[in-house]
Amino acid sequence: MIIAIDGPAGAGKSTISKEIAKRLGFTYLDTGAMYRACGLYVVSMGEDPSDEKKVKDLLANINIEFQNSRIFLNGEDVSLKIRTPEIDEAASKISRLKSVREKLTELQRQIAKDKDIVAEGRDMGTVVFPDAEVKIFLDASPDERARRRKRQLEESGQIISFEIILHQIKKRDKADSTRALAPLTAAPDAVIIDTTEMKPESVIERIIDEVDKKRNSKR
Ligand code: DC
């Protein structure tokens, strides 16, 4: 079974997806981390993540792997390095490029092959896994998402003002939802959940209900 969870930054995708994967015994696939790893690589080579030609050449040599929910870029654990405002921006830029999307879509499908997966991202239900059995689109108000992101950054020792985070979130939302390829949008058959006023547990229960419904309808 594939459970596709899409939505903007800060909607709660990671917390919810990880917990659902744990409870159901599914593999968790964080596709945002893959775009971030590509962004990190290009930035660390001193190149511009919007330069399609350069990026395509550079990414021909990279290897991305997950082990126990940690992400490895050419053998190095980069799980922490990819969570900075600089890489937020680089990932958003690189995710517009056709060659990058094709490469990562292919890799995501390979990882999911013959597995039960909870896949989170922006285009899981629309492009990568259009036949996913359960499709969820998580959303929340920009203010609430900025508050959550601020807390998350603080936990990793990064102190950034609420206003700056809110501005970045709005900018990234716009870039992610207006790009030509695989823009951030809910699949027509996705269940849309606004998590602004919800506790994570209620969101998890709501999604597990959808999974149960699907399983029962298959019997
Ligand atoms: O979910 P995240 O914030 O870690 O994602 C980082 C960036 O990657 C974000 O700007 C959107 C992009 N992304 C994407 O285009 N497609 C995905 N499936 C996942 C992330």
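Just follow the structure's listing: the first ligand is 1, and inside any ligand the first atom is 1.
Nearest to atom 20 (C) of ligand 1 among the protein's heavy atoms is Gly32 CA, 3.6 Å. At the top of the distance list for atom 16 (N) of ligand 1, counting protein heavy atoms only, stands Arg101 NH2, 3.0 Å. Among protein heavy atoms, the minimum distance from atom 7 (C) of ligand 1 is reached at Ala91 CB, 3.7 Å. Protein heavy atom nearest atom 3 (O) of ligand 1, with residue, atom name and distance: Arg36 NH2, 3.0 Å. In terms of protein heavy-atom proximity, atom 8 (O) of ligand 1 is closest to Tyr35 CB, 3.5 Å. Among protein heavy atoms, the minimum distance from atom 19 (C) of ligand 1 is reached at Thr31 OG1, 3.5 Å.
An N or O contact shorter than 3.5 Å links Asp176 to ligand 1 by distance. Note: an N/O pair closer than 3.5 Å links Asp123 and ligand 1 by distance alone. Inclusion of Glu120 in the set of residues having an N or O under 3.5 Å from an N or O of ligand 1 is not warranted.
In this structure, Ile20 and Ile16 have side chains that are in contact, with non-hydrogen atoms separated by less than 4.5 Å. Between Pro85 and Gln168 there is a side-chain heavy-atom pair separated by less than 4.5 Å. The shortest side-chain heavy-atom distance between Leu59 and Val42 falls under the 4.5 Å cut-off.
Comparing Arg172, Arg122, Lys13 against atom 1 (O) of ligand 1, the shortest heavy-atom distance belongs to Arg122.
Residue Ser95 approaches ligand 1 through these ligand atoms, each under 4.0 Å from one of its heavy atoms: 12 (C), 15 (O). Close contacts between ligand 1 and Met124 involve ligand atoms 18 (N) [criterion: under 4.0 Å to a heavy atom].
Proximity of Arg96 to ligand 1, defined as any heavy-atom pair under 4.0 Å, is not found for any part of the residue. Counting heavy atoms under 4.0 Å from ligand 1, residue Ser92 touches it through both backbone and side chain.
Comment: Lys213 does not engage Asp209 in a salt bridge, judged by the lack of any side-chain N to carboxylate O separation of less than 4.0 angstrom. A salt bridge is defined here as a Lys NZ or Arg NE, NH1 or NH2 lying under 4.0 Å from an Asp or Glu carboxylate O, and Arg23 with Glu19 meets this definition. Ion pair Lys56/Glu52 not flagged as a salt bridge, since none of the NZ, NE, NH1 or NH2 atoms sits closer than 4.0 Å to an Asp/Glu carboxylate oxygen. A salt bridge links Arg148 with Glu144: the distance from a Lys NZ or Arg NE/NH1/NH2 to an Asp or Glu carboxylate oxygen falls below 4.0 Å.
No heavy atom of Met34 sits closer than 4.0 Å to any atom of ligand 1.
Distance alone, capped at 3.5 Å, places no donor-acceptor pair between the Asp176 side chain and the Pro8 backbone.
Side-chain polar atoms of Ser79 and Asp77 form a donor-acceptor pair below 3.5 angstrom.
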### Task
Determine, stepwise, if the pair Asp116 / Arg215 fulfils salt bridge (Lys or Arg N to Asp or Glu O under 4.0 Å).
CA-CA 13 Å; Asp116 289 321; Arg215 282 176 166 161; over 6 Å; no

